[in-house]
Amino acid sequence: QTYGLISATQLLDALRQTPPDILLEYRDTVFDGPIFAPTADLDTVQASLIFANVIFLDEVSFNRIVFNRETRFENAQFRGGLSALSAQFAGDLTLSQSTSRKHTSFKQTVFAGIADFSKSQFKQTTSFIDAQFYSADFSNVHFAADTYFERATFGGKADFRDAFFAGIAALKQTRWHGAATFAGARFQQRTRFWQAHFAAAVDFDNARTRDEISFKQTIFSGPATFRHITFVHPARFTRAVFHQSVSFADSRFKKTADFTGARFAADLDLNAYFKSALDLRYSRGPSLDLLPPFGERSAVNPDSTFTDTARIYLQRANFDHILFRWVQLTGRLASLDSTGQDLGPVYDRLRHHLASEGYVADARACFAASMDHRLQYLDWSQVEWHGLQFLRLSTDYGTNIGRLGLFASACILIFALLYRVCGWSPGAGKSVANCLYFSLLTFLRIAPPAWPDGPPITRLLIAAQTLLGWLSFALFLFTLLAAF
């Protein structure tokens with residue numbers, strides 16, 4: 001292909017002298033030499049500009065330049081980089097299908113019209129810090145290095161559909177006044193949306209993250225969707241605020257999903273898959289739905305909300321309603337406290353929710369799990385440890401009357417064998433049947449035991465079995481009343 005050659009000085013003279021009613025157009029052109037507009041006594045470009053299929057061999061600097069008309073760069077190459085620090089584009093700016101091979105800066109730049117960067121490539125660090133956009137299109141843009149949008153403001157629609165961020169993506173304290181979409185975007189390294197504010201709807205559907213992504217203290221004033229996303233590394237929504245609905249339908253969290261201190265104005269229906277940890281400590285909202293997801297995968301594995309290795313943190317979580325079944329949380333409640341004491345209120349709150357929803361069996365299983373947790377942190381030398389062990393073995397902490405029947409049968413049989421081994425039996429013959437019959441009567445005795453003749457250890461066994469019988473009867477009444 002044949003290109004025309006124009007020096008940097010010629011281009012600067014043309015930009016400075018062309019009147020506003022003239023279209024300045026360059027096609028198939030190579031510009032030789034560095035272009036430093038501020039040092040060339042150029043502060044305002046009046047004409048409309050079109051640069052199509054052009055190459056800038058050296059650095060291009062439009063710092064603090066005001067472009068009063070539409071400016072178009074289509075299939076342009078900036079081999080020495082591009083800088084438009086504090087520039088102002090009063091008309092639309094198009095920088096599509098273009099490439100900047102070195103550092104690119106639009107720091108503090110004002111885009112009063114539509115800014116179209118679609119399908120462009122930025123090979124090195126790119127900065128839009130403190131930039132102001134009316135409407136921006138970054139769809140299919142490839143950022144090959146670190147990218148900074150810190151404190152940038154988007155007044156209208158912002159389209160980052162299928163954008164690729166190969167380096168760090170810093171979007172801290174950004175303001176999005178119109179709808180924003182990151183659908184299909186790829187984030188290869190750390191991504192920060194700290195203290196950002198989305199005033200309208202935002203869409204992250206089908207995005208991919210290869211490193212940690214954080215929305216710490218971000219405000220979502222409109223609906224937010226994070227559907228069909230695979231979070232390979234931790235996803236953090238620490239102290240984020242959702243003023244409207246948020247959806248994570250069919251997303252996968254392979255590492256921690258951190259919602260610590262998050263606020264939800266609408267019902268939270270996660271409908272997602274968690275492999276590592278779901279942290280909801282100090283979060284609050286009207287409703288939390290942890291029921292298994294519904295969709296194609298639910299037919300294969302209906303209880304796949306949490307994997308076997310998943311852990312959930314619910315300390316100080318405050319939701320008016322929590323929808324779940326106990327089988328989903330069994331063995332998954334976790335604590336950062338080495339003593340585990342902060343889980344006690346969590347078990348109590350979950351048991352109350354289950355009972356209020358009519359899941360009586362689940363509520364009993366939750367209570368038994370809470371007692372197992374309490375027992376885990378006791379020492380065998382403590383009296384409470386022995387009491388809880390007795391309750392666990394006899395009635396599963398008052399929740400299983402069938403286990404009480406097995407416990408009573410075992411006591412009757414064991415004491416009958418002990419009577420026989422000690423060489424004592426009521427009546428004649430010292431048969432096992434006589435010992436078994438006497439053991440049954442002793443266990444069911446209501447009055448104080450009679451002391452028959454026999455070895456001294458026999459009286460100790462009779463007293464112990466009578467006491468166990470009384471305790472078992474009391475546990476029977478307690479379990480029976482707890483069932484109703």
Query raised in the report: Among Phe160, Trp176, Phe111, which residue meets the ring pair (Phe, Tyr, Trp, His ring centres under 6.0 Å) test with Phe133?
Result: Phe111
**Report entry** Check: Arg175 side chain, Gln173 main-chain N or O, donor-acceptor pair, under 3.5 Å
**Finding:** yes
Query - pair Thr147-Leu171: side-chain heavy atoms closer than 4.5 Å - result: no
Query raised in the report: Any side-chain heavy atom of Ser214 sitting closer than 4.5 Å to one from Trp194?
Result: yes
Query raised in the report: Is Arg186 close enough and on-axis enough to Phe164, meaning under 6.0 Å and within 45°, for cation-pi?
Result: no
**Report entry** Trace of the side-chain contact (heavy atoms from CB on, under 4.5 Å) decision for Gln315 with Leu280
**Finding:** CA-CA 7 Å; Gln315 287 81 352; Leu280 290 165; over 6 Å; no
Query raised in the report: Quick one: do the Asp258 and Thr260 side chains pair a donor with an acceptor below 3.5 Å?
Result: yes
Query raised in the report: Taking Thr94 for the side chain and Ser96 for the main chain, is one N or O donor matched with an acceptor at less than 3.5 Å?
Result: no
Query raised in the report: Can you list the steps and then say if Phe117 with Leu93 is a side-chain contact (heavy atoms from CB on, under 4.5 Å)?
Result: CA-CA 8 Å; Phe117 293 86; Leu93 169 66; 4.0 Å; yes
Query raised in the report: Which distance, rounded to the nearest 0.5 Å, do you find between the CG of Leu388 and the CD of Gln376?
Result: 12.5 Å
Query raised in the report: So among Phe220, Phe215, Phe242, Phe154, which one has a ring pair (Phe, Tyr, Trp, His ring centres under 6.0 Å) with Phe198?
Result: Phe220
Requested in this report: Check whether any side-chain N or O of Glu384 sits under 3.5 Å from a backbone N or O of Leu378 as a donor-acceptor pair, and report yes or no.
Outcome: no
Report task. Taking atom types as modelled, find out whether Thr309 and Thr307 have a side-chain donor-acceptor pair closer than 3.5 angstrom. Result -> yes
**Report entry** Evaluation steps, ring pair (Phe, Tyr, Trp, His ring centres under 6.0 Å), between Phe204 and Phe193
**Finding:** CA-CA 13 Å; Phe204 283 87; Phe193 282 88; 5.6 Å; yes
Query raised in the report: If only atom types and distance count, is the side chain of Ser439 paired as donor or acceptor with the main-chain N or O of Phe415 below 3.5 Å?
Result: no
**Report entry** Chi angles and distances behind the side-chain hydrogen bond (donor to acceptor under 3.5 Å, both in side chains) call for Ser86, Gln108
**Finding:** CA-CA 5 Å; Ser86 299; Gln108 298 177 343; 3.1 Å; yes
**Report entry** Phe165 and Phe182: CA distance, side-chain angles, deciding distance, ring pair (Phe, Tyr, Trp, His ring centres under 6.0 Å) verdict
**Finding:** CA-CA 11 Å; Phe165 296 85; Phe182 288 84; 7.0 Å; no
Query raised in the report: Under 4.0 Å between a Lys/Arg side-chain N and an Asp/Glu carboxylate O for Arg351 and Asp362?
Result: no
Query raised in the report: When you measure from the side chain of Asp279 to the backbone N and O of Arg281, does any donor-acceptor pair fall under 3.5 Å?
Result: yes
Query - Nearest atoms (heavy-atom pairs only) where Leu82 meets Ser100 - result: N-OG, 3.8 Å
Query raised in the report: Does the pair Asn271 and Asp289 meet the rule for a side-chain contact (heavy atoms from CB on, under 4.5 Å), with working shown?
Result: CA-CA 8 Å; Asn271 199 14; Asp289 189 347; over 6 Å; no
Query - Spatial distance of atom CZ (Phe306) from atom CG (Leu270) [nearest 0.5 Å] - result: 7.0 Å
Report summary line: Note: Glu212 and His233 closest approach over all heavy atoms is N-CB, 3.5 Å
Report summary line: Note: Thr174 and Phe149 closest approach over all heavy atoms is CG2-O, 2.9 Å
Requested in this report: Indicate the atoms forming the closest heavy-atom contact of Ala166 with Ala144, along with that distance.
Outcome: CB-O, 3.6 Å
**Report entry** 4.5 Å side-chain heavy-atom contact, Val110 and Tyr134
**Finding:** no
Query raised in the report: Between Phe226 and Phe231, does a ring pair (Phe, Tyr, Trp, His ring centres under 6.0 Å) hold up when you go through it step by step?
Result: CA-CA 10 Å; Phe226 296 85; Phe231 295 96; 7.1 Å; no
Query raised in the report: Distance from Asn206 atom CG to Ile229 atom CD1, nearest 0.5 Å?
Result: 7.5 Å
Query raised in the report: Within the side chain of Thr191, is there an N or O that forms a donor-acceptor pair under 3.5 Å with the backbone of Gln189?
Result: yes
Report task. Could you check if a side-chain atom of Ser118 sits within less than 4.5 angstrom of a side-chain atom of Asn140, using non-hydrogen atoms only? Result -> no
Report task. Taking atom CZ of Arg263 as the centre, report whether more than 12 heavy atoms of other residues, nucleotides or ligands fall under 6.0 Å from it. Result -> yes
Query raised in the report: How many angstroms lie between CG in Leu85 and OG in Ser105, if you round to the nearest 0.5 Å?
Result: 5.5 Å
Requested in this report: Starting from the C-alpha separation in whole Å, work towards a yes-or-no answer on side-chain hydrogen bond (donor to acceptor under 3.5 Å, both in side chains) for Trp470 and Thr466.
Outcome: CA-CA 6 Å; Trp470 292 348; Thr466 302; over 6 Å; no
Requested in this report: Check the side chains of Gln121 and Thr99 for a donor-acceptor pair under 3.5 angstrom, ignoring hydrogens and angles.
Outcome: no
Query - For the student: nearest non-hydrogen atoms of Thr125 and Ala145, plus distance - result: N-CB, 3.6 Å
**Report entry** Contact check, side chains of Leu350 and Ile322, non-hydrogen atoms, under 4.5 Å
**Finding:** yes
Query raised in the report: NE2/His353 to CZ/Phe324 distance, rounded to the nearest 0.5 angstrom?
Result: 7.5 Å
**Report entry** Donor-acceptor under 3.5 Å (Ser335 side chain, Asp337 main chain)
**Finding:** yes
Query raised in the report: Near Arg316 CZ, under 6.0 Å, is it more than 12 heavy atoms from other residues, nucleotides or ligands?
Result: no
Query raised in the report: Does any non-hydrogen side-chain atom of Leu436 lie less than 4.5 Å from one of Leu440?
Result: no
Requested in this report: Indicate yes or no: at least one non-hydrogen side-chain atom of Ile219 is less than 4.5 angstrom from one of Gln195.
Outcome: no
Query raised in the report: Does the side-chain contact (heavy atoms from CB on, under 4.5 Å) test come out yes or no for Trp326 and Tyr359, once each step is laid out?
Result: CA-CA 9 Å; Trp326 179 245; Tyr359 299 124; over 6 Å; no
Report task. Apply side-chain hydrogen bond (donor to acceptor under 3.5 Å, both in side chains) to Asp203 and Thr225, showing your working. Result -> CA-CA 5 Å; Asp203 170 15; Thr225 58; 3.3 Å; yes
Query - Phe122 and Phe106 aromatic centres sub-6.0 Å - result: no
Query raised in the report: Any side-chain donor paired with an acceptor under 3.5 Å for Ser221 and His197?
Result: yes
**Report entry** Sidechain-backbone polar pair: Asp92 side chain, Gly113 backbone, donor-acceptor under 3.5 Å
**Finding:** no
Report task. State whether Arg227 and Asp250 are salt-bridged, where the test is any N-O pair (Lys NZ or Arg NE/NH1/NH2 against Asp/Glu carboxylate O) under 4.0 Å. Result -> no
Query raised in the report: Ser283 side chain to Ala262 main-chain N or O, any donor-acceptor pair under 3.5 Å?
Result: no
Query raised in the report: Mind checking whether Ile312 and Leu329 have side chains closer than 4.5 Å, heavy atoms only?
Result: yes
Query raised in the report: Do you know which two heavy atoms are closest between Ser251 and His228, and how far apart they sit?
Result: OG-N, 3.2 Å
Requested in this report: Apply salt bridge (Lys or Arg N to Asp or Glu O under 4.0 Å) to Asp130 and Arg151, showing your working.
Outcome: CA-CA 5 Å; Asp130 292 313; Arg151 298 183 300 279; 2.9 Å; yes
Query raised in the report: Sub-3.5 Å donor-acceptor pair from the side chain of Thr442 to the main-chain atoms of Gln465, do we have one?
Result: no
